[in-house]
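Note that the coordinates shown come from a computational prediction; the quantities given were computed from them, not determined experimentally. The figures here come from the full heavy-atom set of this structure, side chains too, leaving out hydrogens, waters and symmetry mates. Each chain gets a letter, A, B and so on, in the order its sequence line appears, and its residues count up from 1.
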2 protein chains.
Amino acid sequence: MSADGDEARLRGEETDVEGTAGKTGGMSGGSGGEASTVRDVAKRAGVSPSTVSRVLGGTYPVATATRAKVLKAMRELDYVVNAHARALGGSTNKTVAFVVDDVTGPFYAHIARGVEEQASAEGRLCMLCTTHGDPQRALGVVELMREQRADCVIVVGGAWEDKAYQDRMTHFAHALDRAGSRLGLVGRPPLGEGVPATVVEYDNEGGAFAMTTHLLSQGHRRIAYLGRVPLLSTSRERLQGFTSAHDMLGLSPYPRLIKDGVFSRSYGYQATRELLASKADFSAIFAATDMVAAGVLQALREGGVRVPEDVSVAGYDDIPVALDMYPQLTTVSVPHEELGRTAVRLALHRDELPDSQHQVLGTHIVVRGSTRRRGK
Amino acid sequence: MSADGDEARLRGEETDVEGTAGKTGGMSGGSGGEASTVRDVAKRAGVSPSTVSRVLGGTYPVATATRAKVLKAMRELDYVVNAHARALGGSTNKTVAFVVDDVTGPFYAHIARGVEEQASAEGRLCMLCTTHGDPQRALGVVELMREQRADCVIVVGGAWEDKAYQDRMTHFAHALDRAGSRLGLVGRPPLGEGVPATVVEYDNEGGAFAMTTHLLSQGHRRIAYLGRVPLLSTSRERLQGFTSAHDMLGLSPYPRLIKDGVFSRSYGYQATRELLASKADFSAIFAATDMVAAGVLQALREGGVRVPEDVSVAGYDDIPVALDMYPQLTTVSVPHEELGRTAVRLALHRDELPDSQHQVLGTHIVVRGSTRRRGK
DNA sequence: CTGAAAGCGCTAACAG
DNA sequence: CTGTTAGCGCTTTCAG
């Protein structure tokens with residue numbers, strides 16, 4: 001555990017600033033001066049490199065006087081360890097990789113926060129990669145993280161139900177595992193039996209089922225579902241929940257009211273306009289995500305349709321914006337941060353913790369102002 | 001430019017999956033199997049390590065037949081370079097560090113996206129650190145990034161106007177510069193003359209000035225300003241714009257209507273409730289950020305105050321949520337992504353690009369439904 | 001407690 | 001075109 005030093009640094013300790021900066025302040029020519037190394041420090045302190053290394057690690061007994069000399073030399077030289085050299089030593093790398101579609105979505109942002117928090121709580125740095133919804137890029141990025149020898153690689157969302165993609169991902173899972181690392185999958189289904197990966201999901205289908213049941217129980221019968229993305233597991237599961245809820249009451253969804261499209265605000269806007277233009281008959285819209293719902297609300301407002309008087313609208317995700325919409329959005333709440341934290345925790349301690357293979361976190365619906373009993 | 005290989009990988013190429021995974025698939029015991037090295041590959045291909053290294057880099061002439069043998073061996077061994085060993089070689093490290101308060105804020109998220117995009121466009125990986133608004137932690141994190149030998153360290157927001165903090169940051173700027181790296185400051189003022197750092201700001205004061213002028217020109221005279229954070233430069237500049245706009249018309253702000261508080265939704269909510277409870281007289285509220293404005297709108301709505309009929313509300317940042325609020329928020333638009341992209345670009349190419357020291361991007365107000373002429 | 005020596009995995013001169 | 005030889009900066013035995 002050479003973490004001592006790092007953690008202190010995370011806390012921002014080290015009260016030394018003094019004239020050090022001035023010493024070399026003049027030569028701000030850039031790429032000129034080489035960074036100082038353990039050897040420089042050793043020389044200056046009149047000790048051996050190993051001793052310097054020992055005070056660095058803090059893990060080994062070093063005479064107080066010696067340690068002081070070394071620390072002084074480090075300060076004077078403005079020394080910082082070279083993380084790569086340290087990582088190369090084979091010992092520890094201390095990095096958590098985080099692969100996500102797009103940091104911009106509040107959905108991802110909150111998971112990212114959970115990941116980052118847990119990572120830094122465990123003394124790890126966090127590498128961030130985005131895939132912009134491109135499965136090819138996702139694969140490339142995971143490979144890159146493998147090169148970085150990250151302690152674990154957390155991949156969020158974007159579970160493409162494509163054979164080649166899944167095979168490739170499965171391959172990575174094994175490769176990472178072999179290297180003592182770990183693949184963590186958040187918000188997506190397991191890759192299969194025996195694949196060494198940590199999966200932290202939330203109940204997509206359950207949430208959609210609950211929401212649909214809620215709408216049906218409010219008397220809605222013609223419910224539009226916006227956001228069927230073929231080949232995306234999240235989408236499939238939510239739609240499944242939507243369908244099963246109908247089934248349970250001996251009803252079935254209207255195919256005409258199920259619209260394909262990506263999970264975006266503008267898609268929600270467009271799809272709703274089309275729905276309106278086609279004079280389709282519906283009393284509620286279930287948007288696959290809150291972002292889609294945002295577009296829906298705007299289109300309805302512009303179309304002069306009142307929410308929830310004329311049409312009820314529900315979303316999925318419960319991102320913070322849901323509170324800022326008008327009316328506030330009824331939606332399915334997902335424990336974003338916890339997903340991120342849990343994934344990192346389980347992936348890092350796969351051997352000590354139970355259930356580190358697969359965990360499903362619950363979801364629940366949150367009823368706000370955008371839905372109400374039909375015709376009330 | 002050994003980037004060839006990496007970039008291909010970013011594009012997710014490498015079509016090989018085959019039975020490779022199965023080869024060692026059984027031994028999924030974790031930390032067991034060591035990762036293979038250039039030497040293993042060399043041995044298997046019957047060549048020398050250097051040759052392997054050469055095909056890895058792609059930068060050197062290698063006989064087609066040899067290259068094929070090597071590639072085959074790599075595939076069979078499921079080899080991936082060790083980024084740390086490579087970085088240690090001194091050549092290139094290929095990382096951009098990104099330090100931010102909190103990924104969760106849409107404001108930061110968009111800058112993050114810009115940073116990430118530009119970084120990956122330049123073949124760099126992105127390290128993410130959050131500071132949770134703690135200047136001490138920010139300093140610690142920058143130090144950590146220095147250990148990582150990042151090509152550049154981009155710090156967003158949270159410019160504490162605290163002497164010790166600034167000295168320390170200045171020190172880092174020099175240290176990074178000395179190491180051939182670069183400190184990039186986004187959305188915060190320069191550290192001072194001659195400090196080697198790339199600063200990309202946006203016009204905080206100008207935006208606040210424009211917005212305030214707009215409100216005043218609409219007949220508002222008693223404007224509340226919510227979000228004066230002592231010691232935070234962003235806050236000071238916005239408040240300055242607010243004040244100057246008054247000055248220009250020979251007016252002055254009402255001290256009673258200027259409320260201190262952090263930039264958060266809940267602060268906006270609280271402050272507004274207090275304003276309402278104190279029966280203060282005002283016809284407009286200028287919130288220091290859109291998040292604050294979100295809280296303001298909610299409090300007003302709950303208090304039965306109509307927006308914009310009774311009170312006009314303006315924000316700052318133009319984050320996506322501004323469109324989802326009701327009424328849609330009049331605010332100051334900031335080019336978030338461009339800030340991020342520009343910072344990375346300038347920091348990475350400080351020597352080739354002009355004006356790589358300091359750049360101020362413009363802001364402009366966007367008038368939406370939350371403001372209108374007073375008493376209309 | 002401290003020093004000397006041997007790598008970690010890769011790249012980069014030099015010679016072939 | 002390809003093999004040999006040195007390190008990059010740090011940790012880590014193994015002897016003092």
Got a list of side-chain donor-acceptor pairs under 3.5 Å for residues 48-56 of chain A, not counting sequence neighbours?
| from | atom 1 | to | atom 2 | distance (Å) |
| --- | --- | --- | --- | --- |
| A/Ser48 | OG | A/Ser50 | N | 3.4 |
| A/Ser48 | OG | A/Ser50 | OG | 3.3 |
| A/Ser48 | OG | A/Thr51 | N | 3.4 |
| A/Ser48 | OG | A/Thr51 | OG1 | 3.2 |

Rounding to an integer number of Å, can you tell me how far [X] [atom1] sits from [N] [atom2]?
X: B/Gln148; N: D/dG9; atom1: CD; atom2: C1'; value: 14 Å
X: B/Lys94; N: C/dC10; atom1: NZ; atom2: P; value: 18 Å
X: A/Tyr60; N: D/dC10; atom1: OH; atom2: C1'; value: 15 Å
X: A/Leu77; N: D/dC10; atom1: CG; atom2: P; value: 11 Å
X: A/Leu56; N: D/dT12; atom1: CG; atom2: P; value: 11 Å
X: B/His84; N: C/dC10; atom1: NE2; atom2: P; value: 12 Å
X: B/Leu88; N: D/dG7; atom1: CG; atom2: C1'; value: 9 Å
X: B/Asn82; N: D/dG9; atom1: CG; atom2: P; value: 16 Å

Looking across every strand, which nucleic acid part, if any, lies under 4.0 Å from A/Ser53 by heavy atom: base, sugar-phosphate, or nothing? base
For [Y], does its backbone N or O pair with a side-chain atom of [X] as donor and acceptor, under 3.5 Å?
X: A/Ser181; Y: A/Asp151; result: yes
X: B/Glu116; Y: A/Thr130; result: yes
X: A/Arg146; Y: A/Ala175; result: no

What residues form a side chain to side chain contact (heavy atoms under 4.5 Å, CB included) with A/Glu117, not counting sequence neighbours?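 Applying side chain to side chain contact (heavy atoms under 4.5 Å, CB included) to A/Glu117 gives A/Arg113, A/Glu337, A/Arg341, B/His132.
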For A/Ala112, the side chain to side chain contact (heavy atoms under 4.5 Å, CB included) test, sequence neighbours excluded, returns A/Phe98, B/Val103
CE of A/Met74 to CG of A/Asp40, rounded to nearest 0.5 Å, is 13.0 Å
Short side-chain N/O contact from A/Arg86 to OP1 or OP2 of D/dC10, under 4.0 Å: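 No, A/Arg86 has no side-chain N/O under 4.0 Å of OP1/OP2 on D/dC10.
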First of B/Arg67 and B/Arg149 reached from the 5' end of DNA chain D, by closest nucleotide: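 Upstream on the strand: B/Arg67.
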Can you list the residues that meet the salt bridge (charged side-chain N to carboxylate O under 4.0 Å, His left out) rule with A/Lys72, with sequence neighbours excluded?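 Counting only residues at least two positions away or on another chain, A/Lys72 forms a salt bridge (charged side-chain N to carboxylate O under 4.0 Å, His left out) with A/Glu76.
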Quantify the bending of the helix from C/dC1-D/dG16 to C/dG16-D/dC1 as the angle between its end axes, each fitted on five pairs, to 10°.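 Here the local axes at opposite ends form an angle of 30°.
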Any N/O pairs under 3.5 Å between the protein and nucleotides 3-6 of chain D? List them or say none.
| from | atom 1 | to | atom 2 | distance (Å) |
| --- | --- | --- | --- | --- |
| D/dG3 | OP2 | B/Ser48 | N | 2.9 |
| D/dG3 | OP2 | B/Ser48 | OG | 3.2 |
| D/dG3 | OP2 | B/Thr51 | OG1 | 2.7 |
| D/dG3 | N7 | B/Arg54 | NH2 | 2.6 |
| D/dG3 | O6 | B/Arg54 | NH1 | 3.2 |
| D/dG3 | O6 | B/Arg54 | NH2 | 3.3 |
| D/dT4 | O4 | B/Ser50 | OG | 2.8 |

With a 3.5 Å cut-off and no angle check, do the side chains of B/Asp78 and A/His174 form a donor-acceptor pair? no
Look at the side chain of B/Thr37 and decide which nucleotide, out of C/dG9, D/dC1, D/dG9, has an atom nearest to it. C/dG9
